[in-house]
Amino acid sequence: MSLQEEIAQVFKNWGSDLLEAERKALREKADKYTVSDWKAEHIAYVVGSGVLTGAIGGPVGLAAILPDLLWCKKVGTQGCLGIGYIKGYDIDYENDMNMILAVWSDLAEAAVSVPAGKVGIKVSNKILPKVAGKVVEKVILKGSSKIGAKLAAKAASKAATKLTAKLAAKTGVGWIPLIGGVVSGGINWWLLSGLLDAADAYYKSDYIVLKDDEISSLA
């Protein structure tokens, strides 16, 4: 399995594996924060880990790439979904991270309306005005639905492609102590800050509008 394929597996279906106790703890913790403070704290978690693993250098530093990404996944999941709690949303653990990832990977965009000829997935349970495009309720993504499965798979694939391009720089200097730490910390900052910004946009929007024709055709 290539590095990009392994990364795609890490990105697939974020959030659904959080245990009930973890969900409760996340909700209680997030209630005490502002969005900006929440973002800053979670970015700091992954920048620190990136600097430490990257600064090791040599084969050990290179071998730490995937474990470090798994740590970013854990922090990123809690960071993104915590923003939803801070904003007062009911969190959909099965689908929210897939849709946030779709926004981050440019597979979809967060929007307040759905243009004519486009397909939008409704984010909240609010009663919203009629729009020009087609609207899909989020509940249709659950379980084994074709559109939900395709969205999750494509979001993971596009995210892996995007991150692999960044990791090329990390592997290029991964043998060099200290320099590898600076690059690794920077990549983790780029990943987490982008995901948290995508979550922020997602939870303040009414829809995500699909940019992919194949997924749209399944709606």
- Query: So if you build clusters from Ile, Leu, Val, Met, Phe, Trp, Tyr with side-chain heavy-atom gaps below 4.5 Å, do Leu196 and Val47 land together?
  - Reply: yes
- Indicate yes or no for a side-chain donor-acceptor contact from Asp212 to the backbone of Leu107 under 3.5 Å, with no hydrogens or angles considered. no
- Are Asn95 and Asp92 close enough, and set up right, to give a side chain to side chain donor-acceptor pair (under 3.5 Å), and what steps lead you there? CA-CA 6 Å; Asn95 294 302; Asp92 180 347; 3.1 Å; yes
- In terms of side-chain geometry, is the basic nitrogen of Glu109 or Lys118 positioned less than 4.0 Å from the acidic oxygen of its partner? no
- Task: I would like to know whether Lys74 and Glu22 meet salt bridge (Lys or Arg N to Asp or Glu O under 4.0 Å); could you show each step before the answer?
- Result: CA-CA 11 Å; Lys74 181 178 179 64; Glu22 293 177 300; 3.5 Å; yes
- Name the one of Val75, Leu101, Ile100 that satisfies side-chain contact (heavy atoms from CB on, under 4.5 Å) with Cys80? Ile100
- Would a 4.5 Å heavy-atom cut-off, applied to side chains only, mark Val46 and Leu191 as touching? no
- State plainly whether one hydrophobic cluster holds both Ile7 and Leu70, where clusters connect Ile, Leu, Val, Met, Phe, Trp and Tyr through side-chain heavy atoms under 4.5 angstrom apart. yes
- Item | Passing candidate, side-chain contact (heavy atoms from CB on, under 4.5 Å) with Ser216, options Val119, Val209, Val136, Ile147 | Val119
- List the atom of Ala159, the atom of Ser105, and the distance in Å for their closest heavy-atom pair. N-CB, 3.8 Å
- Message: According to a hydrophobic-cluster definition based on side-chain heavy atoms being under 4.5 Å apart (Ile, Leu, Val, Met, Phe, Trp, Tyr only), do Phe11 and Leu81 belong together?
- Response: yes
- Query: How long is the gap from CD on Gln9 to OG on Ser157, to the nearest 0.5 Å?
  - Reply: 10.5 Å
- Indicate if Trp38 and Tyr93 have the same hydrophobic cluster label, given that clusters are the connected sets of ILVMFWY residues with side-chain heavy-atom separations under 4.5 angstrom. yes
- Message: Classify the ring geometry of His42 against Tyr45: parallel below 30°, tilted from 30° to 60°, perpendicular beyond 60°.
- Response: perpendicular
- Under 3.5 Å: donor-acceptor pair, side chain of Lys134, backbone of Gly117: no
- Following the transitive rule for hydrophobic clusters with a side-chain heavy-atom cut-off under 4.5 Å over Ile, Leu, Val, Met, Phe, Trp and Tyr, establish whether Leu141 and Val135 coincide in one cluster. no
- Query: Lys39 and Ile83: side chain to side chain contact (heavy atoms under 4.5 Å, CB included), yes or no, with the steps?
  - Reply: CA-CA 8 Å; Lys39 285 183 178 181; Ile83 288 174; 4.1 Å; yes
- Query: Hey, is Asp206 close enough to Lys126 for a salt bridge, meaning N to O under 4.0 Å?
  - Reply: yes
- Spell out, as yes or no, whether a donor-acceptor pair under 3.5 Å connects the side chain of Arg27 to the backbone of Tyr85. no
- Under 3.5 Å, is there a donor-acceptor pair between the side chain of Tyr89 and the main chain of Tyr203? yes
- Message: To the closest 0.5 Å, what do you measure between NZ (Lys24) and CG (Leu19)?
- Response: 14.0 Å
- Report the C-alpha separation of Lys211 and Asp106 in whole Å, then their side-chain angles, then the decisive distance to 0.1 Å, and conclude whether the salt bridge (Lys or Arg N to Asp or Glu O under 4.0 Å) test is met. CA-CA 8 Å; Lys211 296 183 178 182; Asp106 205 34; 2.5 Å; yes
- Message: Atom NZ of residue position Lys162 - does it have more than 12 heavy atoms of other residues, nucleotides or ligands inside 6.0 Å?
- Response: yes
- Contacts of Trp190 meeting ring-ring contact (aromatic ring centres under 6.0 Å, His included) (sequence neighbours excluded), chain-then-number -> Trp104
- Task: Could you go through the side chain to side chain contact (heavy atoms under 4.5 Å, CB included) check for Ile121 and Tyr207 one step at a time?
- Result: CA-CA 5 Å; Ile121 300 172; Tyr207 309 92; over 6 Å; no
- Task: Kindly compute the distance separating CD1 (Ile215) from NZ (Lys150), expressed to the nearest 0.5 Å.
- Result: 7.5 Å
- Item | Worked check of side chain to side chain contact (heavy atoms under 4.5 Å, CB included) between Lys138 and Asp96 | CA-CA 9 Å; Lys138 193 162 54 172; Asp96 279 0; 3.0 Å; yes
